[in-house]
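Please read all numbers here as calculations on a predicted model, not as lab measurements.
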Amino acid sequence: MQPKYIQEYYMVISIDFDGTVVEHRYPKIGEEIPHATETLRKLMEDGHKLVLWTVREGPLLQEAIDWCRERGVEFAAINETLRADTNEHSNNTRKIDADIYVDDCNIGGRFDWETVYHMIHDHLDYYQIIREEKRKAQQQLQEMEEQQPKKKKRRWFGF
């Protein structure tokens with residue numbers, strides 16, 4: 001069981017749309033990136049507040065909102081800061097106040113949605129995820145090497 005302070009804490013998570021929730025097909029809506037809406041619904045169930053942060057405006061924005069809503073994803077705010085306790089310099093900015101930003105333009109790109117959820121839910125940072133992935137890759141390599149049949153050593157003269 002998680003400590004009470006973790007159970008009650010929620011994060012504001014800023015979510016990009018094109019290239020993050022769906023494949024880039026702007027101004028059209030691309031195919032859903034695997035597990036995107038499933039993960040977003042799970043984050044909502046966990047109590048986090050989602051903010052849609054997208055370049056889309058007008059009818060194109062409404063299409064994205066409707067697309068998400070049809071899949072059970074409701075945003076607490078859209079292209080605006082959710083928190084009321086921001087300072088006077090945060091007015092009229094495209095920068096959304098959030099704890100976490102999920103965007104395909106991050107350095108190194110966006111992790112798959114399973115990893116995004118794992119990072120948020122388990123309070124992991126980028127470096128912990130990289131170390132975990134490196135450990136898994138080394139373990140897989142070692143298992144593959146162990147499964148390879150052992151070759152007989154040849155003498156210098158080839159037989």
Review point. Between atom CD of Q62 and atom CZ of R69, what is the distance when rounded to the nearest 0.5 Å?
Key: 6.5 Å

**Study point:** Between CD1 on residue I29 and CG on residue D18, distance to nearest 0.5 Å
**Key:** 7.5 Å

Close side-chain approach of [X] to [Y], heavy-atom, < 4.5 Å:
X: K42; Y: I120; value: no
X: I65; Y: F75; value: no
X: V116; Y: M119; value: no
X: L60; Y: Y26; value: yes

**Study point:** Candidate list V12, I13, V102, test side-chain contact (heavy atoms from CB on, under 4.5 Å), partner L50, passing option
**Key:** I13

Contact summary for [X] and [Y], nearest pair of heavy atoms:
X: V21; Y: A36; value: O-CB, 3.6 Å
X: N79; Y: T54; value: OD1-N, 2.8 Å
X: G19; Y: I33; value: O-CD1, 3.5 Å
X: G47; Y: Y10; value: O-CB, 2.9 Å
X: W113; Y: T20; value: NE1-O, 3.1 Å

Review point. In chain order, what residues pass the side-chain hydrogen bond (donor to acceptor under 3.5 Å, both in side chains) check against E38, with sequence neighbours excluded?
Key: H35

Study note, to complete from the structure: Those residues at least two apart in sequence (or on a different chain) that pass salt bridge (charged side-chain N to carboxylate O under 4.0 Å, His left out) with D16 are none

Check your understanding: For H48 and D99, does a side-chain donor sit closer than 3.5 Å to a side-chain acceptor?
Key -> no

In residues 131-140, what donor-acceptor pairs under 3.5 Å come from side-chain atoms, sequence neighbours left out?
unit_1 : atom_1 : unit_2 : atom_2 : d
E132   : OE1    : H118   : NE2    : 3.4
E132   : OE2    : H118   : NE2    : 3.4

**Study point:** Contacts of Y101 that satisfy ring-ring contact (aromatic ring centres under 6.0 Å, His included) - sequence neighbours left out
**Key:** W53

Distance-only, no hydrogens or angles: does the [X] side chain make a donor-acceptor pair with backbone N or O of [Y] under 3.5 Å?
X: E32; Y: T37; value: yes
X: Q147; Y: M144; value: no
X: R41; Y: R71; value: yes

Practice item. Please assess L61 against L52 for the test side chain to side chain contact (heavy atoms under 4.5 Å, CB included), listing each intermediate value before the final yes or no. Key: CA-CA 10 Å; L61 174 59; L52 179 62; 4.1 Å; yes

Point to revise | From D46, T39, D122, residue fulfilling side-chain hydrogen bond (donor to acceptor under 3.5 Å, both in side chains) relative to Y117 | key: D46

Check your understanding: Taking only residues two or more places apart in sequence or in another chain, which ones pass side chain to side chain contact (heavy atoms under 4.5 Å, CB included) with K28?
Key -> R25

Review point. Listed by chain and number, what are the side chain to side chain contact (heavy atoms under 4.5 Å, CB included) partners of E80, not counting sequence neighbours?
Key: A77

Practice item. Verify the cluster assignment for I130 and L141: are they in a single hydrophobic cluster under the rule of side-chain heavy atoms below 4.5 Å apart? Key: no

Check your understanding: When you look at CD of E31, are more than 12 heavy atoms from neighbouring residues, nucleotides or ligands closer to it than 6.0 Å?
Key -> no

